[in-house]
Every structure is written in structure tokens, then in C-alpha cells.
Amino acid sequence: MAEKVRVRIAPSPTGPVHIGNVRTALFNWLFAKHYGGDFILRFEDTDTARSKDEYAQIIINEFKWLGLDWQEGPDIGGPYGPYKQTEKLDQYRQWADKLVQERKAYYCFCSQEELDQGREDASGRGEVYVYPGTCRNLTDAEKDELLAKGQKPSIRFAVPKGQKIIIEDIVRGNVEFDSDILGDFVIVRPDGVPIYNFAVVIDDADMHITHVIRAEEHISNTPRQILIYEALGFQLPRFAHVSMVLGPDRTKLSKRHGAAFVGQYREEGYLPEALINFLALLGWSPEGEKEIMTLEELIQEFTLDRIAKNPGVFDIQKLNWMNGHYIRQSSDDRILDLSVPHLIQAGFIEGDLSHEKREWLKQVIACIKDHLENVSQVVKHASIFFVDTIVPENDEAEAVLKEETAPSVFSAFLDKMDHLDDFSPEAIQKELKVLTKELKLGGKKVYMPIRVALTGQTHGPELHHIIHLLGIGRIKERMGQILSIV
RNA sequence: GGCCCCAUGGUCAAGCGGCCUAAGACACCGCCCUUUCACGGCGGUAACCCGGGUUCGAAUCCCGGUGGGGUCACCA
């Protein structure tokens with residue numbers, strides 16, 4: 001590629017960041033990095049009614065959290081700004097005026113009611129509504145009269161008739177549209193704010209975008225944009241339309257499917273590298289067989305020709321597996337830091353942690369880390385260390401406590417623990433082995449009742465770790481509770 | 001409905017005319033490790049949508065059908 005690659009992600013700040021947007025951003029970002037190009041952030045906020053500054057901030061925060069950085073953007077500026085559409089309204093207006101002068105666009109005075117009526121009639125006949133071009137043939141005199149009366153016109157693009165428009169798409173190949181199905185579409189609203197299809201072309205041209213990589217839902221807009229590029233005399237970028245991210249029911253992933261926004265995954269304790277790795281593999285695949293990949297490896301291997309054409313279902317199970325993998329790879333300190341808010345929310349700990357408490361918690365984390373699919377699950381797995389009363393979780397657990405040999409195991413166990421000077425996990429483990437040997441009952445008959453007595457569960461971390469972390473005081477307390485029942 | 005895109009196991013996917021009696025991963029099942037549950041290791045079940053072509057040869061190319069998705073705004 002002779003020219004420096006310049007790509008962009010252009011979200012509209014009208015809501016939380018969607019998973020699909022993240023994947024599109026990621027593909028753009030990886031593409032830029034792979035070819036040593038620039039990745040640009042731009043806000044498309046021409047929908048003034050729905051755009052909010054707080055969402056703009058959220059977008060910036062989420063992308064940063066994911067580790068995606070941009071070389072130019074609304075927050076850091078750049079040579080081709082502004083990077084926010086509402087800040088360059090007059091520029092769009094100038095280009096629109098130029099098109100009007102060249103008769104490539106025209107004023108439209110049709111009212112919303114007229115247009116709605118037309119659409120209704122068309123659907124009544126089972127047809128698709130195409131703007132009939134009512135105002136296209138207005139004479140200058142008629143136009144001036146309406147303007148003089150104070151009517152605010154929108155500006156429509158005069159679509160050439162009977163033209164084939166071909167998108168040379170990098171992932172899809174040539175996609176052909178007939179200009180006649182487009183209808184003269186609005187490019188500037190009566191209030192002077194440009195419509196997406198118009199603004200996006202001017203921005204991409206202004207910012208020297210070389211490759212437009214975006215979701216497939218935009219492909220039907222592309223012919224309109226190509227027409228505008230041509231009318232304005234701009235050079236066309238290369239297009240690459242990536243397929244969509246689907247929910248389990250194979251429709252576009254949305255809030256209906258539960259978690260469709262990155263923020264939800266962040267809050268539940270998904271790691272950014274897991275999300276990135278997972279999303280990269282959804283619709284793209286590397287040449288080899290490795291699937292766990294660092295950002296650097298992804299950059300190294302990413303090319304557009306390995307992007308799949310078919311849409312992909314967002315498989316939470318695979319994300320869970322991958323996230324679990326990254327959690328296991330992470331330090332106990334990191335997972336503890338991420339766990340703290342969840343533990344506080346569960347009422348297990350208070351905000352300020354003493355050094356001892358933190359060290360203790362870190363050991364708890366170390367014990368349960370292997371079991372986590374996301375950090376919020378610490379609450380479930382760590383609860384055995386925080387609850388006051390132990391209740392058998394199910395019939396199976398209850399049955400273990402009722403075993404004939406259980407009471408003798410308990411008293412022997414308690415006696416052993418009581419006389420242990422060294423309460424380290426290793427010493428406890430050693431002592432448990434001695435106990436098993438002495439009782440001659442086999443491992444299960446010894447470990448299981450103790451486990452259930454101490455945690456109420458038939459599964460969990462290694463017993464000697466549980467004992468160590470609970471401490472002799474709470475061991476006695478819990479054993480006492482159980483002994484009074486059995 | 002019009003237009004556009006897509007079609008390999010339940011899911012993500014490799015495959016780009018012979019190497020395919022079709023990789024790998026998740027999930028599922030079994031075995032091993034182990035006091036339990038996980039982790040880890042080993043193994044297993046499971047797919048080329050259908051019908052026509054083209055070709056010596058098709059999962060791979062072409063056409064049709066079917067199915068799924070997207071899009072049809074003075075939203076982006």
C-alpha cells in the first residue's frame with residue numbers, strides 16, 4: 001500500500017457502546033496498526049435530538065479501557081478536524097450549496113405530512129416508496145416565491161436516472177445497485193443540519209480516509225454515498241463491509257438479547273483482552289490454529305482478506321471460556337482489585353482494607369481464581385468464607401453430614417486442629433493426611449463431611465486452604481454449629 | 001414485499017478444483033489426575049442446505065430453489 005492507511009470509527013453518541021461497534025472499531029484499529037496507519041475517532045452527532053455529551057465520554061472511556069487508541073479524535077484534535085460533525089455545519093452547508101448551484105441537488109418544500117402520505121399510499125399498494133421528485137422540477141420563480149413566503153426547504157440530492165452503481169467491496173466483491181431505487185434523498189434538513197449520508201462523505205474525504213471498514217448494515221447506504229463522492233468530485237475510499245454480530249436467535253445483536261453493550265461486560269468482570277481476543281475471532285481468523293492471541297499477535301496477523309463473509313453468532317460460552325483463561329493468567333492482585341467492588345456490593349467487605357485483610361483476600365482469590373468465568377462470580381465462590389451460618393446446599397450435602405462415621409470424623413478433626421501449632425496450608429494438609437490414615441475410612445469419608453460441615457457444599461477449593469483461610473476460631477465455630485445438629 | 005448480502009457440526013470457524021473417508025476452538029460426553037469441584041491431559045459424538053450443470057475430478061466454479069440476515073427516514 002503506497003498511501004498511508006487512514007481508517008476511522010465514527011460512532012454516534014446516542015447510547016452505550018454496542019458490541020458490534022467494538023468489533024468494527026477493533027477491525028479498523030487492527031488494520032491501521034498492521035499497516036502502520038492511523039486510526040481516527042469521529043463523532044457523528046448530527047442527530048441532535050439523541051446525541052448526548054455523556055455518551056461521547058462513555059465511548060472514549062470504553063475504547064480506552066479496551067486498549068484501542070486513536071491518533072486523531074474529538075478529544076485530542078488533529079490536522080483534519082473538527083472531529084465532531086456539529087462543529088462543522090457550515091462546511092457541509094457550503095458543499096450542499098455548491099451542489100445546488102450545479103443543479104446536482106435542489107430545494108424541497110414538501111411537508112412531512114405530504115411525504116408520510118406518499119409512503120402510506122405506497123405501502124397500501126404494496127410498493128416501496130421512492131420520493132417522486134416533486135420539487136425537482138420547480139421553476140426558479142416558484143422556488144423564490146416559496147422562499148419569500150418564509151418556507152424552510154430541505155435539500156435533496158438529484159439522483160441520476162438509470163445508472164448502475166457498483167461498490168467494489170474488499171470483503172464482498174462487486175455489489176451492484178440500480179440508481180432508480182434510491183429516489184432523490186435528503187442531504188440537508190430544513191434546519192441546516194446535514195443527513196448522515198452526506199456528512200459522512202465530506203468527513204471521510206476531509207480526513208483523507210483510505211478505507212471505510214464498517215458493518216454490513218451500511219452497505220445499502222453506500223450507493224448514495226458513492227453518488228455524492230462523484231458529484232463532489234472526491235476520490236472514493238476503498239470499502240469493506242464486515243458482516244454483522246448476531247444474537248443466539250440469529251438476528252442483529254441488541255438489548256433484547258441481554259448484554260449487547262461493552263459496559264455490561266466490563267461491569268460483570270470480563271477482561272478487556274478477553275473481549276478483544278474473542279471479538280477478533282468473530283468474523284476473522286488467523287492463518288494458524290492458535291486462538292489465544294495477544295494484541296500484538298492480532299496486529300501482526302490481521303488482514304482484510306481473512307474476514308469471513310457470513311454473519312456470526314455471539315457465543316457467550318466461548319467468551320466465558322476465554323475470559324476464564326485470561327483470569328487464570330492474571331495475577332491475584334489484579335483479580336483482587338477487580339473483585340473488591342463486587343465483594344463490597346455483596347456486603348462481604350468494607351471499603352478500606354487493612355494490609356492483613358488484603359493479604360487474606362488475595363489468598364481467597366488464589367483459591368477460587370480457577371473457577372471464575374468472570375470476576376463478578378467471586379461473590380458466589382467466595383461466599384463460603386464470609387457467611388455466618390452454614391446450611392447444606394442440597395440433599396446430597398445433607399446426606400454427607402448424616403453419614404454414620406461423620407461425628408467421629410468431626411471430633412477427631414477438631415482435636416487435631418486444636419493442637420496444631422503451625423496453621424499453614426501445608427501443615428494442615430499434612431495433618432489431614434495423618435488423620436485419614438488414623439481413621440482408616442478412606443479419603444472421601446474424611447474430607448467430604450469436613451468440607452460440608454465447613455462450607456455446606458460438596459465442592460469448592462482445596463480443603464486445607466479453606467481451613468487455613470477460615471482460621472481455627474471459625475473452624476471451631478462452624479464445627480460446633482454442625483455438631484449441635486447431627 | 002422491493003433491493004442487497006450470506007449458506008461447512010449446537011456455536012465460532014479452516015478450506016480458496018485433486019493433499020478432504022473435511023482441521024482447530026467453545027459447548028457436550030467419557031477416561032486420567034484428584035478428598036470434592038475446577039484447572040490440566042487424553043479420547044469421543046457431531047457438518048459441506050437442496051437440485052441442476054461445468055470438469056477426468058466440486059465443500060470449493062456457474063445457474064436455480066430453499067433458508068437465514070440486512071436495509072428500505074428530514075436516524076446513524
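Note that this is a predicted model, so its numbers are computed, not measured. In what follows, chains carry the letters A, B, and so on, assigned in the order in which the sequence lines appear, proteins first and then strands, with residues in each chain numbered from 1.
- Closest to the side chain of A/E216, out of B/G69, B/C74, B/U36, is B/G69.
- With centroids closer than 5.5 Å and planes inclined by less than 30 degrees as the test, A/W321 and the base of B/C26 fail to qualify as a stacked pair.
- Ion pairing between a basic and an acidic side chain is recognised when a charged N comes within 4.0 Å of a carboxylate O; A/D206 and A/K88 show such pairing.
- Taking only side-chain atoms of A/H371, from C-beta outward, the nucleotide of B/G24, B/U35, B/C37 with the closest atom is B/C37.
- A donor-acceptor contact under 3.5 Å is formed by the side chain of A/N221 with the base of B/A76.
- Taking atom CG on A/D315 and atom C1' on B/C28, their separation rounds to 13 Å, with Å as the unit.
- At least one test fails for A/R156 against the ring of A/Y106: distance under 6.0 Å to the centre or angle within 45° of the axis.
- Among the nucleotides B/A14, B/A13, B/C74, the one closest to any side-chain atom of A/V186 is B/C74.
- Here the side chain of A/R156 is nearest to one of B/C74, B/A38, B/A27, namely B/C74.
- One P atom belongs to B/U45, the other to B/C6, and the distance between them is 34 Å to the nearest Å.
- For B/C6, one of the phosphate oxygens OP1 or OP2 lies less than 4.0 angstrom from a side-chain nitrogen or oxygen of A/K309.
- The CZ-P distance, from A/R224 to B/C3, rounds to 15 Å in whole Å.
- Using a 4.0 Å heavy-atom cutoff across all strands shown, A/S123 reaches no nucleic acid atom at all.
- For A/M244, the listed nucleotide lying nearest its side chain is B/G70; candidates were B/G10, B/C6, B/G70.
- Judged by distance alone, with hydrogens and angles left aside, A/E291 brings a side-chain donor or acceptor within reach of the base of B/G24, the pair sitting under 3.5 Å.
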